[in-house]
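Chain identifiers are assigned alphabetically (A, B, ...) following the order of the sequence lines, protein sequences preceding nucleic acid strands; residue numbering begins at 1 within each chain.
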Amino acid sequence: MIVRTRFAPSPTGFLHIGGLRTALFCWLYARRHVGTFVLRIEDTDLERSTPEAIQQILDGMEWAGLDFDEGPFFQTKRFERYKDVIDELLAAGKAYRCYCSKEELEQMRAQQIARGEKPRYDGRWRERTDAPTGVAAVVRFKNPLDGEVVVEDVVHGRVVFKNSELDDLIIARSDGTPTYNFCVVVDDMDMQITHVIRGDDHLNNTPRQQNMLLALGQRPPVYAHLPMILGPDGAKLSKRHGAVSVLQYRDDGYLPEAVLNYLVRLGWSHGDQEFFSIEEMTRLFDIVDVNKSASAFNVEKLMWLNQQHMMRAPASRIVPVLRWHLDREGIQAPDEAQLEQIVVSQRERAKTVREMALNSLFFFRAPVSYDEKAVRKHVTAEVPALLAETMRELAQLEAWTGPGIHQVISGFAVAKGIALGKLAQPLRLAVCGGTVSPPIDATLAILGKAESLARMARALQVWTA
RNA sequence: GCUCCCUUCGUCUAGUGGCCCAGGACAUUGCCCUCUCAAGGCAAGUACACGAGUUCGAAUCUCGUAGGGAGCGCCA
């Protein structure tokens, strides 16, 4: 059997972290089994679906690197097909028209709730044939009245529902348009989906869908209902926490492979392993190893993983991302080799590429001021003289490399009988304007000889004025 | 209200009857390393929701309770 999975978002908002995790699991499962991953846009809600949201979803998937093999398919382009299937069910007596008004249904529900019952349609039009004229009807699926539906879920195990709990759901509205649960069934059937992997908020929809599939003469696919992702506080994801577009994570400086690594570990694990490359997760992932319980989104761990990915990736992987973030800070087309050096020396002191870019701005812009507190602390009376002397020695240096610079500076400190810090901090302050940077030798090496000496001279001027 | 689902450190998780008075990771705290900040190393604390039962033995099996979530739309 060829595995076919699908990700079926509805374009009523942006693609958020929960949706991305569902997409990831579908994608991983398809990739792992050399199957097909289908993207389907569930846009039957004409009111709330927007083209912007569709584009957002596509962009988010692309950024994450979750490529699909078929689609995107749009449900709005398949209305003819749904209509045919509805007619088929109607003709076969597996569906029927219901002429209840919304008010009538409303009243029925209210009474049931008042009686402490589960609100559901009582099937009053199931056998009636006295159709009124001039009244638009909805079409309802004729759900079996008794017996049970057994859903064999890969993550939850066997879940049993009684047919008596289910009612005859509407599959076509009075304007003729098909409804969600029905479209899903027809689509999954037509697209020959073998594994339906989705959020466990759909677990309760599954028995109805399975019944419709059966009525259409199909064998149900394998179901896997994934646990939800909650906000950091354990409550449902809301706009306040993770419910932002996945593109926000790009803007915040996260690597897609880190985000995916973080998400794959939410509800899935492989022993004690925390770090996974994309290649490793596609090789190791399996839905049978997915947990049942919901998990809270934790940015701290995402950050840690992001840094791990930055540190382990080849610098050439990070360079274009750093360039993108620098560009957003108004710094254009820096030298490739220099960027690579910056990545190597800065990645262990930044959690995100954006942070790396921000920490590295001083490489491109000479300081316009110096951290006052630090100046008071580190630029003591004897510093200007020491600095001037260091400058003279550095000016003599032929090969401007980290080790060469290190030799000069530490040799000088030893000769003067002072701790390296006494010299390094003022130097750092002079070239960076602050007290945080890579090791001073590496910093000066990246900066270049002329720029380093110019900045020192300028600082000396300011501090002796 | 009814139906279904879930429940191991603050968080993500390992664990499928004895290897567990529960392991790893993030976070936290302390120490080491150190030219700053980090990274790294070492160490510490903190968890099987509760109650019964099955068993020689239970985080692991059964039942109940509590708490949380989802569904019950001419929304998806």
Side-chain angles (χ1 to χ4, degrees), chain A residues 8-12 42-45 47-49 75 98 100-102 105-106 109 112-121 136-140 151 153 156 159-162 164-167 169-175 177 179-181 183-184 199-208 225 227-228 230 232 234-236 262 265-275 291-305 307 311 346-351 359 374 378 406 409-410 413 419-429 432 434-441 443:
Chain A
S10 56
T12 52
E42 311 218 316
D43 55 351
T44 51
D45 187 343
E47 307 278 296
R48 296 195 298 151
S49 299
Q75 292 186 322
C98 163
C100 290
S101 66
K102 289 185 184 179
L105 294 172
E106 199 67 51
R109 259 193 294 273
Q112 285 163 332
I113 290 169
R115 268 179 275 145
E117 287 169 18
K118 179 176 183 167
R120 80 254 256 205
Y121 178 67
V138 299
V139 178
R140 290 183 182 271
V151 176
D153 190 277
H156 289 275
V159 185
V160 182
F161 296 86
K162 284 193 251 322
S164 55
E165 290 294 332
L166 274 22
D167 64 0
L169 76 156
I170 292 175
I171 59 178
R173 302 183 182 97
S174 48
D175 65 1
T177 59
T179 59
Y180 167 78
N181 273 110
C183 295
V184 168
D200 66 11
D201 48 338
H202 289 285
L203 186 54
N204 285 301
N205 288 330
T206 309
R208 306 160 165 289
H225 287 95
M228 305 267 88
L230 310 171
K236 199 170 154 184
Y262 177 72
R265 284 285 292 101
L266 246 38
W268 175 82
S269 62
H270 179 71
D272 287 336
Q273 190 172 342
E274 297 288 351
F275 185 94
N291 308 181
K292 303 167 189 212
S293 49
S295 42
F297 186 84
N298 180 214
V299 205
E300 307 277 339
K301 190 153 184 181
L302 204 212
M303 284 182 169
W304 175 77
L305 268 172
Q307 182 169 38
M311 292 195 296
Q346 288 283 56
R347 58 180 161 190
E348 63 204 33
R349 41 183 61 77
K351 299 287 188 194
N359 288 347
H378 298 291
H406 181 81
I409 297 178
S410 66
L420 188 52
K422 284 288 269 183
L423 193 56
Q425 279 303 72
L427 267 172
R428 178 169 281 118
L429 221 32
C432 311
T435 54
V436 176
S437 86
I440 193 63
D441 45 7
T443 303

- Query: Who pairs with Q273(A) by side chain to side chain contact (heavy atoms under 4.5 Å, CB included), at least two apart in sequence or on another chain?
  - Reply: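 Q273(A) satisfies side chain to side chain contact (heavy atoms under 4.5 Å, CB included) with H270(A), F276(A), E280(A), L284(A) once adjacent residues are dropped.
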
- Just jot down the side chain to side chain contact (heavy atoms under 4.5 Å, CB included) partners of A294(A), sequence neighbours excluded, or say none.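 For A294(A), the residues satisfying side chain to side chain contact (heavy atoms under 4.5 Å, CB included) (neighbours in sequence not counted) are M228(A), L230(A).
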
Using a 4.0 Å heavy-atom cut-off across all strands, classify [X] as base, sugar-phosphate, or nothing.
X: D441(A); result: base
X: E300(A); result: sugar-phosphate
X: N205(A); result: base
X: M228(A); result: nothing
X: S269(A); result: sugar-phosphate
X: P9(A); result: nothing
X: G267(A); result: sugar-phosphate
X: C98(A); result: nothing

- Calculate, to the nearest 0.5 Å, the distance between atoms SG and CD1 belonging to C98(A) and I170(A) respectively. 6.5 Å

Give me the distance, rounded to whole Å, that separates [N] from [M] when you measure between the [atom1] atoms they each carry.
N: rG40(B); M: rC4(B); atom1: C1'; result: 49 Å
N: rA76(B); M: rC21(B); atom1: C1'; result: 50 Å
N: rC26(B); M: rU65(B); atom1: C1'; result: 33 Å
N: rG23(B); M: rA47(B); atom1: P; result: 11 Å
N: rC31(B); M: rG68(B); atom1: C1'; result: 41 Å
N: rG10(B); M: rU28(B); atom1: P; result: 16 Å

Under 4.0 angstrom between [X] side-chain N/O and [N] OP1 or OP2:
X: S437(A); N: rC37(B); result: no
X: K236(A); N: rG68(B); result: no
X: N291(A); N: rA14(B); result: yes
X: T179(A); N: rG73(B); result: no
X: R109(A); N: rG73(B); result: yes

With a 3.5 Å limit on both atom pairs, tell me what [N] is paired to, counting Watson-Crick and G-U wobble, or say none.
N: rU36(B); value: none
N: rU11(B); value: rA25(B)
N: rC2(B); value: rG71(B)
N: rC19(B); value: none
N: rA52(B); value: rU62(B)
N: rC42(B); value: rG30(B)

- Message: Do N291(A) and S293(A) pair up side chain to side chain, a donor and an acceptor below 3.5 Å, judged on atom types alone?
- Response: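 No, because no side-chain N or O of N291(A) sits under 3.5 Å from a partner of the opposite role on S293(A).
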
Let me know the distance between [atom1] of [X] and [atom2] of [N], rounded to the nearest Å.
X: R208(A); N: rC74(B); atom1: CZ; atom2: C1'; answer: 14 Å
X: D272(A); N: rG23(B); atom1: CG; atom2: P; answer: 11 Å
X: W268(A); N: rA25(B); atom1: CH2; atom2: P; answer: 17 Å
X: M303(A); N: rA27(B); atom1: CE; atom2: P; answer: 10 Å
X: D201(A); N: rA76(B); atom1: CG; atom2: P; answer: 15 Å
X: D45(A); N: rA76(B); atom1: CG; atom2: P; answer: 5 Å
X: R120(A); N: rG73(B); atom1: CZ; atom2: C1'; answer: 16 Å

- Item | Upstream residue (5' side of RNA chain B) when Q307(A) and H406(A) are each assigned their closest nucleotide |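 Per heavy-atom nearest nucleotide, the more 5' residue is H406(A).
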
- Taking the nucleotide of RNA chain B with the closest heavy atom to each, which residue, V138(A) or T435(A), is nearer the 5' end?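 Nearest-nucleotide comparison on RNA chain B picks T435(A).
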
- By side chain to side chain donor-acceptor pair (under 3.5 Å) - contacts of N181(A) (at least two apart): none

- Query: Partners of Q307(A) by side chain to side chain donor-acceptor pair (under 3.5 Å), sequence neighbours excluded?
  - Reply: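 Partners of Q307(A) by the side chain to side chain donor-acceptor pair (under 3.5 Å) criterion, ordered by chain and then number, come out as K351(A).
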
- Quick check: are there more than 12 heavy atoms from other residues, nucleotides or ligands sitting under 6.0 Å from NE2 of H202(A)? yes

- Message: Any side-chain to backbone donor/acceptor pair from R347(A) onto A350(A)? Under 3.5 Å, distance only.
- Response: no

- Item | Side-chain donor or acceptor of D441(A) paired with backbone N/O of H406(A) under 3.5 Å | no

- Message: I'd like to check the salt bridge (charged side-chain N to carboxylate O under 4.0 Å, His left out) partners of R349(A); sequence neighbours left out, ordered by chain and number.
- Response: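 Checked R349(A) against salt bridge (charged side-chain N to carboxylate O under 4.0 Å, His left out); zero matches.
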
- For nucleotides 4-9 of chain B, read 5' to 3', which letter fits each nucleotide if B means a protein heavy atom sits under 4.0 Å from the base, S means only the sugar-phosphate is that close, and - means neither? BSSS--

